[in-house]
Amino acid sequence: MRRNDGFTLLELLVVMAIIALLAGIGLLGIIPMLRSSEAESVQTVVTQVAAALEAYANNPQNGDFPPTVLDNDTLPGFGVSRNDQNSGIESVMVCLHRPNTTTSFDIEDVPWPDAMENRDQDRTQVTLTDFGMDNRNLYELLDWWGTPFAYFHHRDYDIIAAKNMGRVTGLNGIIKAKPWKSPKGFWYRRNGFQLISAGPDLLFNTDDDITNFER
Ligand SMILES: [Ca+2]
Ligand SMILES: [Ca+2]
């Protein structure tokens, strides 16, 4: 009987160890699931903004995607002194929210708080957007993790990559963004644009980036 009790205790320990192991695996399994739901939200917003930009380009009044950098050619009378930070996403925000513009993208629909910020605090003397009192601010759209999106018009892919020009004000200072190339060496969306979230690692051009194209 004593010997049987011993085996029972050992069996109990084995069962407890297995339960602990399974619980550990279960907890580990939940962390990537949470991450992926955040990434899913960002992917949805990328798709929504991309659709709004396609509609923008298809509007004969515009005839093209927003430029990578706002200037007087694309917005006559724009007249801002540029600081070369966040230029792509600022251009997207201005183009989608210019006064009297209709767009399918509504900043209020972004499912995380504080998705719009003017982190580099650049402003202009002309009215840019229909954002009420703050319509002279050059705003950035931020991803779930607080990094401004990067945006590149296809005609600028080469020069931005060559000169390493994509400067974004991340949470911890300036980070660099480049357009993405396929493994075969072709630009993704070479006739369109690239819209890129840096993802949870807060860095661009790494595997967790969330983009408007399949990689
Ligand atoms: Ca800004
Ligand atoms: Ca990244």
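Since this is a predicted model, take the numbers as computed values, not measurements. Numbers here are sequence positions counted from 1. Both ligands and their constituent atoms are indexed starting at 1 by order of listing.
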**Student:** At a threshold of 3.0 Å, where the distance has to be below it, does the Ca ion (ligand 1) have an N, O or S atom of L138 nearby?
**Tutor:** yes
**Student:** Could you give the distance from CG (D156) to NE2 (H154), rounded to the nearest 0.5 Å?
**Tutor:** 9.0 Å
**Student:** Any N/O/S atom of N205 sitting less than 3.0 Å from the Ca ion (ligand 2), backbone or side chain?
**Tutor:** no
**Student:** Do you know which N/O/S atom name in D120 is closest to the Ca ion (ligand 1)?
**Tutor:** OD1
**Student:** Taking the Ca ion (ligand 1) as the reference point, name the nearest N/O/S atom of E140.
**Tutor:** OE2
**Student:** Looking at the Ca ion (ligand 2), is one of the N, O or S atoms of G199 less than 3.0 Å from it?
**Tutor:** no
**Student:** Do T211 and D209 have a side chain donor and acceptor closer than 3.5 Å?
**Tutor:** no
**Student:** Check whether any N, O or S atom of N118 sits under 3.0 Å from the Ca ion (ligand 1).
**Tutor:** yes
**Student:** Can you tell me, to 10 degrees, how wide the angle at the Ca ion (ligand 2) is between OD1 on D208 and O on L203?
**Tutor:** 170°
**Student:** Tell me whether the rings of Y188 and F213 are parallel (<30°), tilted (30 to 60°) or perpendicular (>60°).
**Tutor:** parallel
**Student:** What do you get for the angle at the Ca ion (ligand 2) between OD1 on D209 and OD1 on D201, to the nearest 10 degrees?
**Tutor:** 170°
**Student:** Do you know which N/O/S atom name in E90 is closest to the Ca ion (ligand 1)?
**Tutor:** OE2
**Student:** If two hydrophobic side chains count as joined below 4.5 Å and joins carry through other members, does I175 share a cluster with W144?
**Tutor:** no
**Student:** State the CG-CZ distance between N118 and R136, to the nearest 0.5 angstrom.
**Tutor:** 14.0 Å
**Student:** Centroid-to-centroid, Y151 to F193, below 6.0 Å?
**Tutor:** yes
**Student:** The Ca ion (ligand 1) is nearest to which N, O or S atom of D122?
**Tutor:** OD1
**Student:** Could you check whether D64 pairs with R155 (Lys NZ or Arg NE/NH1/NH2 to Asp/Glu carboxylate O, under 4.0 Å)?
**Tutor:** yes
